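Quick notes on the structure that follows.
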Amino acid sequence: MNENRENLKKMSNFSRVLFAFSALIIVLFFLTTTFPTSFFFTNTNSFSHFLATTFQAKNNTNNSPSSSSNDQTHQPILSHWRNPFIAFKGINDISPSPASTNQTVSRAISPDVANCGPVELPPGAITEPFCCPVLPSPLKIIDFNDFAKPNATLRVRKPIHMVDDEYMAKLEKGIAIMKSLPPHDPRNFIEQAKVHCAYCNGGYPQKPPFQNLKIDIHRSWLFYPFHRWYIYFFEKILGSLIGDPDFAVPYWSWDSIEGMQMPKHFANPNSSLFHDLRDPNHYPPYIVDLNFVVGAESTTQDKQIGYNLAFMYKQMVLANTKEVFMGGVYRHGDQAQPAIGSVEQAPHNTVHKWVGRADLPSQEDMGTFYTAARDPIFYPHHTNIDRLWGIWTSLDGGRQDYRDDQDWLDSEFYFYDENLNLVRVRIGDSLDTKRLGYVYEETEIPWLHAVPEPSRTKLERQAKKVSFLASQNPITKFPLVLDSKVSVAVNRPKKLRSKLDKEREEEVLVIEIVDLHSDKDVKVDIHVDDDEEMLSGPDKAEFVGTFTSVPHGRHKSKTKYMVAISKVLENLEAEEDEIIVVTLAPIVGKGMVSIGSIKIEYIPK
Ligand code: C2O
């Protein structure tokens with residue numbers, strides 16, 4: 001009996017222990033699946049540190065060119081709002097369940113379409129600051145779904161110099177009809193131009209809580225996709241108005257030798273393609289200067305073609321990372337204009353300037369964004385820009401763009417389509433032009449092998465460099481107001497990189513522009529290991545690029561300028577050098593730019 005009781009007692013003690021033990025196991029199991037193991041070995045502070053570093057590390061890979069220590073001071077708004085966000089994003093990063101991945105905060109840019117407001121205009125503006133479209137009431141928005149069927153006829157965009165007068169007559173007719181539509185019809189020519197104005201001069205705020213930040217589709221990764229969609233709807237509207245849905249806007253191929261003049265139809269005063277507010281000196285047979293700036297001395301016409309081709313090579317072939325070519329990462333909550341891409345600087349900005357009236361304050365209409373799209377030549381100009389985006393993506397057997405970044409893919413814009421529907425589009429839906437129903441006619445690319453030559457011998461360059469480093473104080477004080485030419489010694493953290501290294505990472509010269517007068521024309525030429533007294537021309541290897549700014553508004557802004565220099569340093573035989581000498585030559589807008597820092601970064605390709 002006693003023995004039995006004893007056994008029973010033992011049994012219940014045992015089951016109590018067993019119960020407690022299994023409960024402990026369950027709790028432990030729950031904790032380990034919810035939190036990372038490191039949680040158990042760290043205190044709370046280092047846990048939040050862990051979360052923060054997890055996020056920052058991830059963020060840095062997406063943001064590599066902007067991960068400088070100065071960023072916080074340049075974008076003060078980021079530092080305070082990010083903190084709660086860091087923790088939130090961090091938790092999602094480490095918990096794999098699909099339910100929680102859905103909660104990842106999207107930082108895609110999306111304009112607050114219902115809150116469009118007056119834009120900011122440069123001084124002496126010639127139009128009113130109202131660029132917002134009339135919205136349907138009640139507000140009805142449809143998501144873009146008009147993809148081309150797999151076997152549909154594609155619209156073929158051809159170079160203007162290769163299409164006949166009959167084809168150009170269709171373009172003339174379409175633009176004439178658009179100009180004649182009532183003023184508030186979204187298909188009206190000026191209404192179309194205002195779409196560009198609203199997106200460029202701060203008509204749209206970002207969505208809350210960042211409604212104080214205005215969206216700008218220039219100087220960032222939005223540049224190519226925004227303009228692709230913009231031209232897409234323009235083309236569809238024009239095609240429907242002339243009853244030819246297969247009509248494609250031809251492109252002004254200023255990068256080919258035959259295309260280096262303003263297309264003749266645009267110079268005919270009786271054509272709807274003619275526009276008053278243009279520089280009358282630049283009509284044919286004058287050759288376009290892809291490195292143009294108002295007020296600077298221009299090159300002789302016979303040298304211009306060679307200059308243009310070498311310049312194209314630099315802007316397209318040498319600009320071999322997405323940040324350098326497409327512009328900087330720009331997310332919900334970021335200040336506008338993080339960094340401008342190579343072709344957006346020039347030829348994009350420079351051709352805008354070249355077309356506009358030199359004697360108007362901002363070279364209206366093409367020379368500034370609030371009026372640029374009022375000139376019919378805007379559209380073939382941008383069709384060529386859109387074509388160059390496609391060509392760039394296919395260079396070197398395929399270059400990496402931003403398509404693995406969900407925020408880029410999900411960024412949105414709004415346009416009216418040819419049926420007067422207000423349509424919301426995503427960047428992710430614009431990447432394959434065939435799905436949008438069009439392609440470019442392939443033509444020869446004359447600049448593909450126009451490799452720029454150095455203007456001096458290696459010995460001469462080295463002698464210059466040695467005397468520069470000996471004679472001057474190589475430590476330059478930043479911020480540096482660019483009121484005259486200046487040369488700066490820049491350290492190279494790595495020298496003599498292997499072939500593999502160069503294939504993986506591009507050596508990029510990053511110039512932070514901390515104080516840019518947005519209302520002024522600015523052009524700063526950048527040279528490496530050149531002779532400050534006798535700077536090389538745009539067809540030479542020492543001339544590595546140019547920073548240009550088209551007047552936006554009255555505010556001051558910050559941005560970044562990047563040049564890829566791996567190939568340049570090979571050409572200049574400077575790969576072994578610890579220091580390169582960077583010369584900044586303000587050509588126009590002296591004193592209108594301050595430089596925050598100049599350094600070299602290695603950016604993954
Ligand atoms: Cu949005 Cu050519 O400019």
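Worth saying up front: this structure is predicted, and the values here are computed from it rather than measured. Start at 1 and go down the list; that is how both ligands and their atoms are numbered.
By the 6.0 Å and 45° rule, Arg435 stacks over the aromatic ring of Phe147. Cation-pi geometry between Arg278 and Tyr283 is not satisfied (NZ or CZ under 6.0 Å from the ring centre, within 45° of the ring normal).
Taking the ring centroids of Tyr230 and His382, they lie at or beyond the 6.0 Å cut-off. The aromatic ring centres of Trp229 and Phe413 sit 6.0 Å or more apart.
Pairs engaging residues 171-188 under the salt bridge (charged side-chain N to carboxylate O under 4.0 Å, His left out) rule: Asp185-Arg187 [sequence neighbours left out].
Protein atoms that are N, O or S and lie under 2.8 Å from atom 1 (Cu) of ligand 1 are these: His196 NE2, His218 NE2, His227 NE2.
Using modelled atom types and a 3.5 Å distance limit, the side chains of Tyr330 and Asp216 yield no donor-acceptor pair.
His352 contributes NE2 and His348 contributes NE2; the angle these two atoms make at atom 2 (Cu) of ligand 1 is 90°, rounded to 10°.
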